[in-house]
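Here's the structure, in structure tokens; my notes come after.
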Amino acid sequence: MPTGTMGTGSNMGLYLGMTLEVLTTDNKPIFIGRIADMDEGSVDIAGTSGGEVPPVLYNTGIRLRGFLPGMRPIMLSGSVCGSTEKFWRVDQLKSLYVQENRGFFRQHISVEATVMCVNAIFQPENGAVPEEKSGTEPCHLLDISGSGLRMSCRRAYDVDDWLFVMDADLWPADAPFSFTCRVRRTENAGWAYVYGCQFEGLEPREQDRLLRVILQIQRKDLQMQRGSRT
């Protein structure tokens with residue numbers, strides 16, 4: 001996998017408070033953290049809950065993954081150069097090229113939600129929303145990533161339609177999500193239509209919350225997979 005050394009800080013897009021998943025070098029989750037401090041050579045990764053982080057050996061190689069502003073995925077490699085009970089200090093940061101960003105971060109889910117066509121708000125020049133697209137409709141979320149989601153429903157929409165997906169309860173301990181998105185792909189599955197949608201205008205705070213939830217779901221799925229093999 002191609003790599004390139006990059007500086008920290010503004011050259012990399014990292015920022016204080018940024019949520020990152022801390023992984024082993026073979027991409028197994030260790031903990032979900034946030035950047036508590038940083039300089040030109042290293043970052044301090046604390047636990048998101050403010051509690052203790054796992055013990056670690058000096059010079060242990062790790063990976064960090066998350067999303068930059070605009071939900072652009074990022075994957076870094078690094079080395080632990082110091083630690084306390086509250087944080088790991090990581091240096092020797094290098095960017096790892098991710099060949100398929102969207103697929104790499106895609107998380108399969110099975111979540112009920114509600115969808116509504118909002119072309120009248122974002123495409124008013126096209127006139128009123130046709131009756132067959134108006135009103136709300138139950139939908140089922142099939143997977144989600146930092147940049148969009150895939151869903152199914154019985155109502156027919158078109159590529160470039162603007163949709164508002166609401167009441168998506170992705171994580172029981174967190175508030176439901178609502179997304180404004182745009183249809184990029186459609187598929188007729190016979191029993192329903194399947195849509196690939198891209199998020200539009202997701203606020204930075206919601207982006208960060210979504211990332212934390214996706215990482216929590218990934219971690220839970222991995223734990224369940226490990227449990228089923230024991």
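Values in this document were obtained by computation on a predicted structure and should not be read as measured data.
- The nearest pair of heavy atoms linking Gly47 to Arg34 is O-NE, 4.1 Å.
- Scanning both residues, Ala192 and Ser152, for their nearest heavy atoms gives CB-CB, 4.5 Å.
- Under the 4.5 Å side-chain contact rule for hydrophobic residues, Phe122 and Val159 do not share a cluster.
- With a 4.5 Å cut-off on side-chain heavy atoms, Leu210 and Ile144 count as touching.
- A salt bridge between Glu200 and Arg184 is present, with a side-chain N of the basic residue lying under 4.0 Å from a carboxylate O of the acidic one.
- Summarising the geometry, atom OG belonging to Ser178 is positioned 6.0 Å from atom CG belonging to Asp167; distances are rounded to the nearest 0.5 Å.
- Panel note: side chain Arg155, backbone Ser134; a donor-acceptor pair is recorded below 3.5 Å.
- In this structure, the separation between OG1 on Thr19 and CD1 on Ile35 is 9.0 Å, given to the nearest 0.5 Å.
- With a 4.5 Å cut-off on side-chain heavy atoms, Gln107 and Ile109 count as touching.
- Side chains of Thr24 and Ile62 form no contact here, defined as non-hydrogen atoms less than 4.5 Å apart.
- Here the closest non-hydrogen pair linking Val129 and Cys117 is CG1-SG, 4.1 Å.
- Looking only at atom types and distance, the side chain of Asp39 has a donor-acceptor partner in the side chain of Ser42 under 3.5 Å away.
- Taking the six-membered ring for Trp and thresholds of 30 and 60 degrees, Trp88 and Phe31 have ring planes more than 60 degrees apart, a perpendicular arrangement.
- Across all non-hydrogen atoms, the minimal contact from Pro29 to Leu23 is CA-CD2, 3.6 Å.
- Side-chain contact between Asp91 and Ser79: present, with at least one pair of heavy atoms (C-beta onward) separated by less than 4.5 Å.
- For CD of Glu203, the number of neighbouring non-hydrogen atoms (other residues, nucleotides, ligands) closer than 6.0 Å is 12 at most.
- When hydrophobic clusters are built by joining Ile, Leu, Val, Met, Phe, Trp and Tyr residues whose side-chain heavy atoms come closer than 4.5 Å, directly or via intermediates, Val111 is grouped together with Phe199.
- Ile32 is listed as a side-chain neighbour of Gln216, based on a closest heavy-atom distance under 4.5 Å.
- Once rounded to the nearest 0.5 Å, the distance linking OG of Ser77 with CD of Gln92 reads 9.0 Å.
- Judged by distance alone, the side chain of Asn119 and the main-chain N or O of Trp162 form a donor-acceptor pair under 3.5 Å.
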* To do: Given side chain to side chain contact (heavy atoms under 4.5 Å, CB included), test Tyr195 with Val115 step by step and report yes or no.
  => CA-CA 12 Å; Tyr195 301 101; Val115 63; over 6 Å; no
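- Counting only heavy atoms from C-beta outward, the side chains of Leu142 and Val194 approach each other to under 4.5 Å.
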* To do: Given side chain to side chain contact (heavy atoms under 4.5 Å, CB included), test Met116 with Met166 step by step and report yes or no.
  => CA-CA 8 Å; Met116 176 173 63; Met166 63 195 93; 3.9 Å; yes
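- Minimum interatomic distance between Cys197 and Leu163 (heavy atoms only, all atoms of both residues): SG-CD1, 4.2 Å.
- The NZ atom of Lys86 lies 8.5 Å from the OG1 atom of Thr84; values are rounded to the nearest 0.5 Å.
- Between Lys133 and Asp158, at least one side-chain N (NZ, or NE/NH1/NH2) sits under 4.0 Å from a carboxylate O, which counts as a salt bridge.
- Judged purely by atom type and a 3.5 angstrom limit, Arg209 uses its side chain to pair as donor or acceptor with the backbone of Ala175.
- Cluster membership check: Val22 shares its hydrophobic cluster with Leu93, using side-chain heavy-atom separations under 4.5 Å among Ile, Leu, Val, Met, Phe, Trp and Tyr.
- The CG atom of Asp143 lies 11.0 Å from the CD1 atom of Ile217; values are rounded to the nearest 0.5 Å.
- Note: the hydrophobic cluster containing Ile30 also contains Val80 (ILVMFWY, side chain heavy atoms under 4.5 Å, direct or indirect links).
- Side-chain contact between Tyr193 and Arg154 is absent, with no heavy atoms from C-beta onward closer than 4.5 Å.
- Side-chain heavy atoms closer than 4.5 Å link hydrophobic residues (I, L, V, M, F, W, Y) into clusters, and following such links, even through other members, never connects Ile121 to Leu202.
- The two atoms that bring Arg182 and Asp160 nearest to each other are NE-O, 3.2 Å, heavy atoms only.
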* Could you please spell out the steps behind the side chain to side chain contact (heavy atoms under 4.5 Å, CB included) verdict for Asp44 and Met38? => CA-CA 6 Å; Asp44 290 355; Met38 60 191 301; over 6 Å; no
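- Two residues are said to be in side-chain contact when any heavy atoms from C-beta on lie closer than 4.5 Å; Leu141 and Leu170 meet this criterion.
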* To do: Walk me through it: do Asp37 and Val43 pass the test side chain to side chain contact (heavy atoms under 4.5 Å, CB included)?
  => CA-CA 6 Å; Asp37 198 6; Val43 294; over 6 Å; no
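- When ring centroids are compared, Phe179 and Phe164 stay outside the 6.0 Å threshold.
- Note that SG of Cys153 and NE2 of His140 are 12.0 Å apart. Values are rounded to the nearest 0.5 Å.
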